[in-house]
Amino acid sequence: MRNYALDFETYYDAVCSVVTLGIHHYTRHTEFDAYLLTVCGDDGFEYCGRPEDLDWSLISGEGTRWVHHNASFDAHILYWLRETGKIPVTAEPDEWRCTADMCAYFGYPRSLAGAVGYLFGLKPDKSVRDKMKNRRFEDLNAADNLELLRYAIDDARLCLKLWTELSPRYPWAEQVLSTHTAMMGWDGLPMDVDGLDAGISHVGDLIWNAEQNIPWREDSPTLSPKALAIECRNVGIEPPKSLAKDSEECAAWEDKYGEQYPWINAMRTYRRCNALKKKMETMRIRIKDDGRMAFGLKFFGGHTGRWSGDSGANLQNLPRGEMFGVNLRNLIRCKPGRTFVVCDLAQIEPRVLAWLANDEKLLESLRNGFGVYTAFARANNLWQGETDSLKKDDAALYQFCKASVLGLGYMVGPNKFTLMAPQLTGGAFTPTLAEAETIVAEYRRRNTAVTGLWQRLENVIRRSAMKDLTIELPSGRTMTWRKVTSIGGYSCETMRGGRYVRSKVYAGMITENITQATARDVLAWQMLELLKLGHDIVLHVHDEIVIECDESAAEAVKATMIEIMSTTPPWLPGLVLGAEADITRHYTK
DNA sequence: CGCTGCTGCGCG
DNA sequence: AAAGCGCGCAGCAGCG
């Protein structure tokens, strides 16, 4: 296989930019121009010039692979170049890959400058590109022109270097998923455009109404905590320190003054409505000429390997149901004759934790067909029923088990548990602090498989002082927590938002990380199985896969999804998974 | 004005 | 000794 790194330089300004317009409308903007292409091949081939002037046959066709740093961007530029006839339709490789995704997979910084700085100690000068804002290639003087060409060819060379050095250890399955992620994003999702417009207008009205209850709206930012404090003191009362939903102090303030001074309620309504409206507006702009909304998903966005949201509108945190009269999920809607099949994994993380902790009693109950919460009740001798009927036989115990399973496996303490339990059970289980103390202690006494895992991880942390902590996951993937130190309590560095961030490291955190990472690997494995069968995965969210298909095929697709998503990967033998699927024309939860 | 850090809030 | 974790985006505030 001959590898070619490709890199585009494109015109951008404040309006004509990928950030504001999204990739589709950016390339279609009248000001848009892909003015420079650099190519660097491992056969010695190099090119630097306008994309129209390259003899594309030299780098296309059988036996060629194109690599890009941020391939979803470049691939869309290429798509546009072919569509508009600027380059031949045959300008296509056998395979294309993204080196930014690959860097993220290995836990290196995602940006090119960050990655080559970390790996090779190089410091590419990004200011050259930053200077190109609002400027056109034709307008550059000779010196600036040369500087830009140097910068651009360097980028392509570095991209190729990254690929050459790292790709031998980059699993094929991850490569396929990375490429799929980009394609999925620009195919996008079918939208109810009229419904979206109606939603934007409706929520706009609610925002206006909320603002009328904010006395400082003319003089200060609507959500300014300072303005709120001044207003409170003006009427002789103390403002709450925090406006958070779960702040007890704030709740007390609301009870006492909320009726007379509806400011905090108005601020909350304003904030939530405004965020919802902004999101809908971003989604509106992302709708392409074919009526589908392009979106971004970041491959390996989290250091655990999870995909994360990207490109303006995050599709991984859509409200679950109706919010302020708008059901945003339902606005993602198939055209007649088409449908979504949505399949969810049932409680994937506690099941994975049971496997990682080698919790034989719990796994045994799972194998016998019990759900996780019921299995927990049985393993703890809290319930002896022979069928999976705990939920209706003893609803209170069920909620107790649900809160325990979801919270206590990661070392949650009594204080936190009193806050988490109601949240996890929809308010059905609200232990006092004293009760929580007993529950936590009892959990740790009885669930020795989990506490044993904590103990082993605690030892690993200690042994990793002054080093990197690495753990090989069941899938074979290695996770790394960098630069562990014991100074001021154990801490380490993990990649967060594209940079290394130091945070405390303890067994509960590692337990959660490897559980989340393994759950991610399970979903990734299942996605690959579905892709191999030719299914069209149009979205996925941590424990859920969405396939779009013809209505006539929906039942068969549903059966396949349930079968594959109930199957444990070969590297997690003995784990029992559960999956539930729905056929639905509009996206829903 | 852009950048950074923080809070709040949506999801898993 | 004890410690939930993982994201992205909007908006505010401080800095230069």
Side-chain angles (χ1 to χ4, degrees), chain A residues 14 19 130 133 207 220-228 241-247 250 264 267-279 281-283 295-298 300-321 323-324 328-329 344-345 347-350 353 403-417 419-421 423-424 437 440-441 444 450 454 457-458 461 479 489-491 494-499 501 503-517 519-520 523 540-544 589:
Chain A
V19 177
D130 295 340
K133 184 173 177 180
I207 291 171
S220 303
T222 320
L223 298 177
S224 167
K226 283 175 86 177
L228 170 70
K241 283 189 193 65
S242 156
L243 298 184
K245 258 181 168 175
D246 57 3
S247 157
C250 188
I264 290 182
M267 287 169 81
R268 283 177 173 156
T269 305
Y270 176 89
R271 185 199 299 276
R272 294 171 69 208
C273 283
N274 196 43
L276 180 62
K277 180 160 169 273
K278 290 279 183 205
K279 186 155 191 159
E281 285 169 346
T282 305
M283 289 169 75
F295 66 96
L297 220 52
K298 208 183 280 168
F300 244 83
H303 79 100
T304 57
R306 275 186 171 185
W307 281 259
S308 69
D310 196 17
S311 315
N314 181 358
L315 292 200
Q316 292 192 326
N317 69 347
L318 295 174
R320 295 183 64 133
M323 193 168 144
F324 297 110
L328 197 41
R329 284 180 198 241
D344 278 61
L345 287 169
Q347 311 94 25
I348 179 66
E349 288 199 9
L353 175 59
S404 302
V405 165
L406 295 177
L408 300 182
Y410 309 125
M411 282 181 98
V412 172
N415 278 308
K416 200 75 171 198
F417 189 69
L419 296 175
M420 285 178 73
Q423 207 190 329
L424 293 168
E437 278 166 2
V440 169
R444 294 180 186 180
V450 172
W454 295 349
L457 291 173
E458 203 66 64
I461 292 168
M479 263 191 97
Y490 283 85
S491 66
T494 51
M495 182 60 63
R496 221 173 284 194
R499 76 182 81 195
V501 177
S503 53
K504 287 198 166 185
V505 57
Y506 56 96
M509 179 255 215
I510 303 287
T511 303
E512 203 290 333
N513 282 184
I514 59 178
T515 304
Q516 188 181 105
R520 176 272 182 202
L523 195 83
H540 51 91
V541 186
H542 309 311
D543 65 352
E544 166 192 351
K589 186 74 193 176

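Throughout, a chain's letter reflects where its sequence line sits, starting with A, and its residues are numbered from 1.
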Legend entry - Verdict with supporting geometry, M479(A) and T304(A), side-chain contact (heavy atoms from CB on, under 4.5 Å): CA-CA 8 Å; M479(A) 263 191 97; T304(A) 57; 4.1 Å; yes
Checking all strands, does [X] fall into the base, sugar-phosphate, or nothing category for heavy-atom contacts under 4.0 angstrom?
{"X": "G508(A)", "value": "nothing"}
{"X": "R272(A)", "value": "sugar-phosphate"}
{"X": "L243(A)", "value": "sugar-phosphate"}
{"X": "K279(A)", "value": "nothing"}
{"X": "T515(A)", "value": "nothing"}
{"X": "S311(A)", "value": "sugar-phosphate"}
{"X": "G309(A)", "value": "sugar-phosphate"}
{"X": "R520(A)", "value": "nothing"}
{"X": "M420(A)", "value": "base"}
{"X": "E458(A)", "value": "base"}
{"X": "K504(A)", "value": "nothing"}
{"X": "T222(A)", "value": "sugar-phosphate"}
{"X": "M267(A)", "value": "nothing"}
{"X": "G312(A)", "value": "sugar-phosphate"}

Among [options], the nucleotide that comes nearest once only the side chain of [X] is considered:
{"X": "N314(A)", "options": "dG5(B), dC9(C), dG6(C)", "value": "dC9(C)"}
{"X": "Y506(A)", "options": "dG12(B), dG8(B), dC5(C)", "value": "dC5(C)"}
{"X": "R306(A)", "options": "dG6(C), dC7(C), dA3(C)", "value": "dG6(C)"}
{"X": "P221(A)", "options": "dC12(C), dA3(C), dG6(C)", "value": "dC12(C)"}
{"X": "R271(A)", "options": "dG8(B), dG4(C), dG12(B)", "value": "dG8(B)"}
{"X": "N317(A)", "options": "dG2(B), dC12(C), dG10(B)", "value": "dG10(B)"}
{"X": "K226(A)", "options": "dC7(C), dC12(C), dG14(C)", "value": "dG14(C)"}
{"X": "R320(A)", "options": "dG12(B), dC12(C), dG8(C)", "value": "dG12(B)"}
{"X": "P225(A)", "options": "dA13(C), dG8(C), dG4(C)", "value": "dA13(C)"}

Whole Å only: how far is the [atom1] atom of [X] from the [atom2] atom of [N]?
{"X": "M479(A)", "N": "dG6(C)", "atom1": "CE", "atom2": "P", "answer": "8 Å"}
{"X": "Y270(A)", "N": "dC9(C)", "atom1": "OH", "atom2": "P", "answer": "19 Å"}
{"X": "Y490(A)", "N": "dA2(C)", "atom1": "OH", "atom2": "P", "answer": "16 Å"}
{"X": "Y410(A)", "N": "dG12(B)", "atom1": "OH", "atom2": "P", "answer": "15 Å"}
{"X": "M509(A)", "N": "dC7(C)", "atom1": "CE", "atom2": "P", "answer": "10 Å"}
{"X": "K277(A)", "N": "dC9(C)", "atom1": "NZ", "atom2": "P", "answer": "19 Å"}
{"X": "Q316(A)", "N": "dC9(C)", "atom1": "CD", "atom2": "C1'", "answer": "13 Å"}
{"X": "I514(A)", "N": "dC5(C)", "atom1": "CD1", "atom2": "P", "answer": "15 Å"}

Does the side chain of [X] reach to within under 4.5 Å of the side chain of [Y], using non-hydrogen atoms?
{"X": "L328(A)", "Y": "M283(A)", "result": "yes"}
{"X": "F295(A)", "Y": "Q316(A)", "result": "no"}
{"X": "L318(A)", "Y": "K589(A)", "result": "no"}
{"X": "I348(A)", "Y": "L523(A)", "result": "no"}
{"X": "Q516(A)", "Y": "H542(A)", "result": "no"}

At under 4.0 Å, does any side-chain N or O of [X] touch on OP1 or OP2 of [N]?
{"X": "H303(A)", "N": "dG6(C)", "answer": "yes"}
{"X": "R444(A)", "N": "dA3(C)", "answer": "yes"}
{"X": "S308(A)", "N": "dG8(C)", "answer": "yes"}
{"X": "N513(A)", "N": "dG6(C)", "answer": "yes"}
{"X": "S242(A)", "N": "dT7(B)", "answer": "no"}
{"X": "K298(A)", "N": "dG8(C)", "answer": "yes"}

Inset, instruction - Work out which heavy atom in V412(A) is nearest to a heavy atom in F417(A); give both atom names and the distance. - result: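 Smallest heavy-atom distance, with atoms named: CG1-N, 3.6 Å.
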Inset, instruction - Determine the minimum heavy-atom distance between N314(A) and K279(A), stating which atoms define it. - result: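 Smallest heavy-atom distance, with atoms named: O-NZ, 2.6 Å.
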Legend entry - Polar pair under 3.5 Å, donor/acceptor by atom type, side chain R268(A), base dG8(B):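 No, no donor-acceptor pair under 3.5 Å.
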Legend entry - Side-chain-base donor-acceptor pair under 3.5 Å for E512(A) and dG4(C):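 Indeed there is one.
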Legend entry - Lys/Arg-Asp/Glu bridge criterion (N-O < 4.0 Å) met for E544(A), R320(A):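 Result for this pair is no, no salt bridge flagged.
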Legend entry - Any strand: nucleotide that pairs with dG8(C) via Watson-Crick or wobble, under 3.5 Å: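 Partner of dG8(C): dC9(B).
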Inset, instruction - Using Watson-Crick or G-U wobble geometry with both distances below 3.5 Å, tell me the partner of dT4(B), or none. - result: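 With both distances under 3.5 Å, dT4(B) matches dA13(C).
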Inset, instruction - Take E349(A) and G497(A), find for each the nucleotide of DNA chain C with the closest heavy atom, and name the residue whose nucleotide sits nearer the 5' end. - result: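 Per heavy-atom nearest nucleotide, the more 5' residue is E349(A).
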